[in-house]
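To start, the structure under review is shown below, and the notes come after it.
Here is how names work: the chains are called A, B, and so on, in the same order as the sequence lines, proteins then strands, and each is numbered from 1. Keep in mind that the numbers below use all heavy atoms, side chains included, and drop hydrogens, waters and symmetry copies.
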There are 2 protein chains.
Amino acid sequence: MHLYLHVNKKEVILSSALILLTEKGVHNTPMSAIAKAAGTGMGTIYNYFPNKESLINEIYVNIKVKEKSVFLDFDVEQPIKTQFENYLRSIIDFFIANPAYFKFMEQLQASPIITKESREEGGKSVASVHELLVKGQQERIIKAIELDEILMFIGGAILAYLRWYFHQSETKTTSLKNQAQMVWDAIKE
Amino acid sequence: MHLYLHVNKKEVILSSALILLTEKGVHNTPMSAIAKAAGTGMGTIYNYFPNKESLINEIYVNIKVKEKSVFLDFDVEQPIKTQFENYLRSIIDFFIANPAYFKFMEQLQASPIITKESREEGGKSVASVHELLVKGQQERIIKAIELDEILMFIGGAILAYLRWYFHQSETKTTSLKNQAQMVWDAIKE
DNA sequence: ATAATTGGAATGAATATTCATTCGTTAAAA
DNA sequence: TTTTAACGAATGAATATTCATTCCAATTAT
């Protein structure tokens, strides 16, 4: 019987790797460093992951899965604008609460390490907003622009805000409201 | 007297490296490959650059310098909206004309390889738009939101558009107009 | 004009290092 | 006891960097 909480070794490896990867970069985090940070031997990592790339891809997919779960609670009774604002706020709060997730995505989004399969898995995360925007277009609340372009635009705005946020030292409280305002003005009919 | 054009060896190395780096990624382009592509020996590269990271940083700064030069021709006689639209179009055209520059930036923008000095050097490139937006705010054409936030937002929109553009197979001619519309609606008072 | 000398750019094989992965051993569970 | 998991030193492939040598154009001497 242990006195400490039993934690899944795989998860310890994943979270240790996440921190090192974001802080030092992919080049500068050898597997030995991950093992040390996770408090395991190197061999143990290879019991859970066939290689370094798989480990990294698993982190990527894990984050995307969590990101997706942020959108689940849409309240269809609310006005579309409200729903959209809630969506924006949730996704931004999610990354603000998990800066390492954001840094990881920034660093690996364009990397050849991330496989096509992982990317496809990740792509699903916009499905629910897509739906919301379709409804918005039908009601002529949202501009009649191809949805992929609008989705990209929204993604860009979120990215821009988060970069700005993490770049700042002091936090401006009004800024998120401003951002939501700009995004809404951009996409509203 | 040579029949072929004399080309600067350093520039050949830089451009060869740019192509390999964007096509294969940083991990998968050894210095030997760069040397081969540039038609030089490996040692030659080290006559021009102290190490691989410096080479990469120099490419980064070079692109930023070129990017900056795109904005120079503002026509202050024109309405602010027109000037802004021209700016947007120029910067987007610049990257569309140089896809490798965009790919390079996508891959290295968040990398720890890029030094703080290089980033600071690169940051200067928004100075002229900054100025334009200040004027726009004074005339109450542009929203009274902190300029850094607006600038980030614009950056995000540009990024989103370019990602979308390179992602697409067929080119939609209306899309840039839509994008400009969204950005302007976002920032206008 | 021709030959001799020189400075430094170019070279790439050799070196040193880094690091992903393996595997034989040990420890813990069942 | 047998099975399973953990371990990390050893391995070797990959590759960044070095440096002794070659080569060539420009300069100087004959």
Side-chain angles (χ1 to χ4, degrees), chain A residues 1-61 104 107-108 111-115 118, chain B residues 1-61 104 107-108 111-115 118:
Chain A
M1 182 60 161
H2 300 265
L3 287 178
Y4 51 85
L5 276 165
H6 176 71
V7 280
N8 187 322
K9 214 147 239 217
K10 190 176 179 183
E11 277 171 22
V12 175
I13 293 167
L14 283 168
S15 59
S16 303
L18 172 68
I19 291 164
L20 284 173
L21 253 15
T22 53
E23 284 180 357
K24 305 274 183 184
V26 179
H27 317 284
N28 300 317
T29 69
M31 292 296 260
S32 56
I34 297 175
K36 195 190 245 181
T40 75
M42 293 215 273
T44 307
I45 297 180
Y46 285 89
N47 288 338
Y48 290 104
F49 307 94
N51 52 49
K52 194 183 183 182
E53 299 212 340
S54 300
L55 167 55
I56 293 174
N57 272 275
E58 194 150 329
I59 294 175
Y60 177 91
V61 173
F104 181 89
Q107 247 173 71
L108 290 171
S111 162
I113 294 170
I114 304 300
T115 65
S118 298
Chain B
M1 180 65 159
H2 301 260
L3 289 177
Y4 52 87
L5 278 162
H6 175 68
V7 280
N8 187 319
K9 212 145 239 212
K10 191 177 178 182
E11 277 171 21
V12 175
I13 293 167
L14 283 168
S15 60
S16 303
L18 172 67
I19 291 165
L20 284 172
L21 252 15
T22 53
E23 283 180 358
K24 307 272 183 184
V26 179
H27 317 284
N28 300 316
T29 71
M31 291 298 257
S32 58
I34 296 175
K36 197 191 244 180
T40 77
M42 293 217 271
T44 308
I45 297 180
Y46 285 88
N47 288 338
Y48 291 103
F49 308 94
N51 53 48
K52 195 182 183 183
E53 300 211 340
S54 299
L55 168 53
I56 293 174
N57 272 275
E58 193 150 328
I59 294 174
Y60 177 91
V61 173
F104 181 89
Q107 246 171 70
L108 290 169
S111 162
I113 293 171
I114 305 299
T115 64
S118 298

*To the nearest Å, give me how far apart NE2 (B:His27) and P (C:dA20) are.*
11 Å

_If I take atom CG in residue A:Leu55 and atom P in nucleotide C:dC19, what distance separates them, rounded to the nearest angstrom?_
16 Å

*Main-chain N/O of A:Val26 paired with A:Lys52 side-chain donor or acceptor, under 3.5 Å*: yes

_N/O donor-acceptor pair under 3.5 Å between B:Ser16 side chain and B:Val12 backbone_ = yes

_Can you measure B:Lys36 atom NZ to C:dT11 atom P for me and round it to whole angstrom units?_
15 Å

*Taking CE from A:Met31 and P from D:dA9, how many angstroms apart are they, rounded to a whole number?*
17 Å

*Check whether any side-chain N or O of A:Lys9 sits under 4.0 Å from OP1 or OP2 of D:dT4, and answer yes or no.*
no

_Would the distance check show the side chain of A:Ser15 and the main-chain N or O of A:Glu11 forming a donor-acceptor pair, the cut-off being under 3.5 Å?_
yes

*Please determine, by modelled atom types, if B:Ser54 and B:Asn51 share a side-chain donor-acceptor pair under 3.5 angstrom.*
yes

_Output the rounded distance in Å from CD1 (A:Ile34) to C1' (C:dA20)._
11 Å

*Can you tell me how far the CD atom of B:Glu23 sits from the CZ atom of B:Phe104, to the nearest 0.5 Å?*
14.0 Å

*Nearest-angstrom distance from the residue atom NZ of B:Lys10 to P of C:dA9*: 13 Å

_Side-chain (A:Thr22) to main-chain (A:Leu18) donor-acceptor, under 3.5 angstrom_ = yes

*For residues 39-53 of chain A, which residues have at least one heavy atom under 4.0 Å from DNA chain C?*
A:Met42, A:Tyr46, A:Asn51, A:Lys52

